[in-house]
Amino acid sequence: INMTSWIIQMMLMLLSVFTGSSQGKRDKVLYCSACKAIVDELNYSISQVDPKKTINVGSFRLNPDGTMKDKKVPFARSETHLSELLDGVCNSMSDYALYVDPDTQHKQYRRFAPRSSGATGDFPDFKNFQFDGPEASNDLKFACETVVEELEDEIITMLSRDSRESVHKELCNRMIHCGDP
């Protein structure tokens, strides 16, 4: 009986340790930066799609009269395209590093790497970035994956109808409680 109670106590202790660590307070700078990066990266990818490109959505069943009822929507903000973009958005987190504003000391992760199609003027001033090795970008990637996993449906719904500013405000400020830096 002593061994059984000891095992139960150990299991409860381990359970409380793992539950406490998984429910721990999230790093606001990390998660808010991940949210902002997700919105920025997705909007950039959306902007690279030809606005004339469309996709058929709806039912592909034939009506009794032999016609098919479908609807063409812009491909860039279609659910199909947004789902594809979300699958890979967190891979770009290695292009971000912690940035400390020299005037306010406000910290946030910002993109330091220029976009592949961007002009050479996209290079930021590196002196205010803190490059803490691959661990920092792995932390940001994990935060990104967590946000995407938890809010995938909301992200797709918002981006299918709204622009960057309203999505950032709605998603990052209201759902992740970032405030407006």
Side-chain angles (χ1 to χ4, degrees), residues 22-55 57 71-119 121-126 128-130 132 136-181:
S22 68
Q23 296 296 321
K25 188 176 179 191
R26 289 184 173 175
D27 180 343
K28 187 173 180 177
V29 169
L30 189 64
Y31 280 84
C32 291
S33 295
C35 183
K36 185 178 184 318
I38 290 167
V39 174
D40 290 346
E41 292 296 321
L42 291 175
N43 272 304
Y44 175 77
S45 295
I46 289 167
S47 74
Q48 298 305 297
V49 175
D50 180 359
K52 295 177 190 153
K53 189 174 182 180
T54 60
I55 185 171
V57 296
K71 181 176 150 184
K72 286 187 183 277
V73 297
F75 176 74
R77 292 193 182 270
S78 68
E79 187 174 329
T80 303
H81 184 236
L82 293 173
S83 293
E84 288 173 8
L85 293 177
L86 267 180
D87 287 344
V89 72
C90 295
N91 293 332
S92 64
M93 295 302 116
S94 59
D95 293 341
Y96 287 75
L98 188 63
Y99 176 84
V100 181
D101 187 289
D103 299 324
T104 64
Q105 300 305 306
H106 174 76
K107 294 180 180 181
Q108 70 176 352
Y109 284 80
R110 282 193 181 171
R111 185 178 186 89
F112 67 86
R115 306 223 187 251
S116 56
S117 63
D122 283 348
F123 284 105
D125 184 358
F126 289 113
N128 296 317
F129 281 92
Q130 295 178 359
D132 296 329
S137 65
N138 287 343
D139 290 345
L140 186 63
K141 184 176 181 180
F142 178 78
C144 174
E145 290 167 348
T146 302
V147 170
V148 168
E149 184 178 319
E150 291 176 0
L151 301 173
E152 180 173 7
D153 293 338
E154 290 84 353
I155 294 169
I156 290 173
T157 300
M158 288 179 203
L159 278 171
S160 66
R161 59 183 161 82
D162 290 324
S163 65
R164 180 203 169 284
E165 291 78 21
S166 58
V167 173
H168 179 263
K169 204 172 282 181
E170 178 76 11
L171 183 71
C172 302
N173 295 353
R174 190 177 65 79
M175 296 184 142
I176 303 193
H177 311 292
C178 293
D180 212 4

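Heavy atoms only: backbone and side chains are in, while hydrogens, waters and symmetry mates are out.
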(Q) Nearest 0.5 Å, please: how far is CD1 in Ile155 from CD in Glu150? (A) 10.0 Å
Q | Approximate separation, where rounding is to 0.5 Å, of Arg77 CZ and Leu85 CG | A | 10.5 Å
**Q.** Derivation of the side-chain contact (heavy atoms from CB on, under 4.5 Å) call for Met158 and Leu171
**A.** CA-CA 8 Å; Met158 288 179 203; Leu171 183 71; 4.0 Å; yes
Q: Report the C-alpha separation of Asn43 and Leu159 in whole Å, then their side-chain angles, then the decisive distance to 0.1 Å, and conclude whether the side-chain contact (heavy atoms from CB on, under 4.5 Å) test is met.
A: CA-CA 8 Å; Asn43 272 304; Leu159 278 171; 3.9 Å; yes
Q.
Let me confirm one number: the CD-CG distance from Gln48 to Asp50, rounded to the nearest 0.5 Å.
A. 11.5 Å
Q: In sequence, state the C-alpha distance, the side-chain angles, and the governing distance for Val100 and Gln130, and then conclude on side-chain contact (heavy atoms from CB on, under 4.5 Å).
A: CA-CA 8 Å; Val100 181; Gln130 295 178 359; 3.4 Å; yes
Q: Hey, could you give me the CG/CG distance between Leu86 and Asp153, rounded to the nearest 0.5 Å?
A: 9.5 Å
Q. Taking all non-hydrogen atoms of both residues, which atom of Ile156 and which atom of Ser83 are closest, and how far apart?
A. CD1-OG, 3.4 Å
Q) Is it the case that Arg115 places NZ or CZ above or below the six-membered ring of Tyr44, under 6.0 angstrom from the centre and within 45 degrees of the axis? A) yes
Q: With sequence neighbours excluded, tell me which residues meet side-chain contact (heavy atoms from CB on, under 4.5 Å) with Asp139.
A: Leu30
**Q.** Separation of SG atoms, Cys178 and Cys172, below 2.5 Å
**A.** no
Q: Before giving the answer on side chain to side chain donor-acceptor pair (under 3.5 Å), spell out for Tyr96 and Glu41 the whole-Å C-alpha distance, their side-chain angles and the decisive distance to 0.1 Å.
A: CA-CA 11 Å; Tyr96 287 75; Glu41 292 296 321; 2.6 Å; yes
Q.
With rounding to the nearest 0.5 angstrom, report the OH to NE2 distance, Tyr99 to His106.
A. 10.0 Å
Q) Do the side chain of Ser137 and the main chain of Ser94 share a donor and acceptor less than 3.5 angstrom apart? A) no
Q | Heavy-atom closest contact (Asn91 atom, Lys141 atom, distance) | A | OD1-NZ, 3.4 Å
(Q) Please check this pair: side chain of His168 against backbone of Lys36, looking for a donor-acceptor N/O pair closer than 3.5 Å. (A) no
Q) In terms of the angle between their ring planes, are Phe129 and Phe112 parallel, tilted or perpendicular, with boundaries placed at 30° and 60°? A) perpendicular
**Q.** Glu149 atom CD, over 12 foreign heavy atoms within 6.0 Å
**A.** no
Q. What is the distance from atom NZ of Lys107 to atom CG of Asp101, rounded to the nearest 0.5 Å?
A. 12.0 Å
(Q) Tell me whether Glu154 is salt-bridged to Arg161, with the criterion being a basic N under 4.0 Å from an acidic carboxylate O. (A) no
Q.
Before you tell me yes or no, could you show the steps for His177 and Asn173 under side-chain contact (heavy atoms from CB on, under 4.5 Å), namely the whole-Å CA-CA distance, both residues' side-chain angles and the distance that decides it to 0.1 Å?
A. CA-CA 5 Å; His177 311 292; Asn173 295 353; over 6 Å; no
Q | Smallest separation among heavy atoms of Met93 and Cys144, with atom names | A | CG-CB, 3.8 Å
Q: Find out whether Arg26 and Thr146 are in side-chain contact, i.e. whether some heavy atom of one side chain is under 4.5 Å from a heavy atom of the other.
A: yes
Q: Considering non-hydrogen atoms only, spot the tightest contact between Ala76 and Leu82 and give its length.
A: O-CD2, 4.0 Å
Q: Without swapping roles, check the side chain of Arg111 against the backbone of Ala113 for a donor-acceptor pair under 3.5 Å.
A: yes
Q: Measure the shortest side-chain to side-chain distance between Phe75 and Ile55 over non-hydrogen atoms and say whether it is less than 4.5 angstrom.
A: yes
